[in-house]
Amino acid sequence: MIGKGFAGCISYCLEDKKIKNPMIDDEHLVKNRAEILQHNLCFGEKKKLCSQFKDVRKLNPKQSRPVMHITLSLAPGEILDRPQLLEIVQECANEFGFEHNQFFSVQHLDTEHQHIHIVANRIGLNGKTNVTDSNNFKKMAGFCRKMEIKYGLAQVASPRSFLPKEQKQIPRNDSRKNKIKAVLQDAIQDCNSLEEFYKSAENKGFQVVKTRGIAFIDEKGVKVKGTDIGLSLQAIEKQVKRNSLVPDTGTRFIKLSQRKQSFHL
């Protein structure tokens, strides 16, 4: 992400975090969630870092978006040690061209999956913007694929738009998404309304996130958009509507047949 202000970004990375639970109208503070991995051409805690980054920013007042904020997340269950994380941060700095600029990295400890944040100043000590924001998402996708191979991590498919033309037509396979898709498609079979489907999905261990569309988060924190697994909000609405049109007698017949098979007479 490219941004305008360092204070908000640095605060998010270093401060304790308030977690709200709207179900029980409760809020608690997660303390000591940030573990500093390294500083480069900067030092100290939040106030000192903000001051140092802002001082360098003044060298190029024309640059309105000097902040580069990178988040790198591992798949649930995967763990790298501190030296490996430091290697990845340095390789990331080299890849994006901020190795000679101010930056710091931090590991957050408040989630089940391991992840790190890197905050870098796009303005160098010479006052020039020497870190481009061109094709950042494509470059990050390529960088992540290289790190997955180098460190033996779960390999994830890059978005199609970032692939070479000859690879865009190759069928994709993501085992985690396939598993989530199978469970949710099974969950929707007997639902006659959206509310029934939401409850069925939650009973199977999924958090349902409803915005303009719909997304699902499993017990390991893996989040997928409904559109990525063929379960857009529109597709779900059509399916539950079709379910509601099926005669109840058919449903009772199927369940009765299944029940009879479980008895040995």
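Side chain of N243 to backbone of Q189: a donor-acceptor contact under 3.5 angstrom is found. A donor-acceptor pair is defined here as one N or O able to donate and one able to accept, closer than 3.5 Å; no such pair exists between the side chain of N130 and the backbone of G97. In terms of modelled atom types and a separation under 3.5 Å, the side chain of R57 and the main chain of I123 share no donor-acceptor contact. Checked by atom type and distance alone, the side chain of E148 pairs as donor or acceptor with a backbone atom of V156 at under 3.5 Å. Side-chain N or O atoms of S11 include one that pairs as donor or acceptor with a backbone N or O of A7 at under 3.5 Å. Side-chain N or O atoms of N101 include none that pairs as donor or acceptor with a backbone N or O of A120 at under 3.5 Å. A donor-acceptor contact shorter than 3.5 Å links the side chain of N203 to the backbone of K199.
When the shell of 6.0 Å around CD of E35 is examined, it contains more than 12 heavy atoms from other residues, nucleotides or ligands. Atom NE2 of H69 sits in a crowded spot, with more than 12 heavy atoms from other residues, nucleotides or ligands closer than 6.0 Å. No more than 12 heavy atoms of other residues, nucleotides or ligands sit less than 6.0 Å from atom NZ of K54.
In this structure, R122 is not positioned above the aromatic face of F6 in the sense of NZ or CZ being under 6.0 Å from the six-membered ring centre and within 45° of the axis. The side-chain tip of K204 does not point at the ring of F216 from less than 6.0 angstrom away and within 45° of straight on.
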* Take E95 and K146 through the salt bridge (charged side-chain N to carboxylate O under 4.0 Å, His left out) test and state the conclusion after the steps. => CA-CA 11 Å; E95 182 84 11; K146 288 191 293 185; 3.1 Å; yes
* Checking salt bridge (charged side-chain N to carboxylate O under 4.0 Å, His left out) for the pair K46/E15: CA distance, chi angles, key distance, verdict? -> CA-CA 8 Å; K46 183 183 72 174; E15 288 181 348; 2.4 Å; yes
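Of all heavy-atom pairs between F53 and Q102, the closest is CA-OE1, 3.4 Å. The shortest heavy-atom contact between T132 and M68 is O-CE, 4.1 Å. Of all the heavy atoms in K48 and F43, the pair that sits closest is CB-O, 3.9 Å.
The aromatic rings of F104 and H39 lie tilted to each other, with the angle between the two planes from 30° to 60°.
Counting heavy atoms from C-beta outward, Q114 and E78 have side chains that stay 4.5 Å or more apart. Looking at heavy atoms from C-beta onward, S200 lies out of side-chain contact with I188 at the 4.5 angstrom threshold. Inter-residue side-chain proximity for F98 and L41 is flagged as unmet; no heavy-atom pair is nearer than 4.5 Å.
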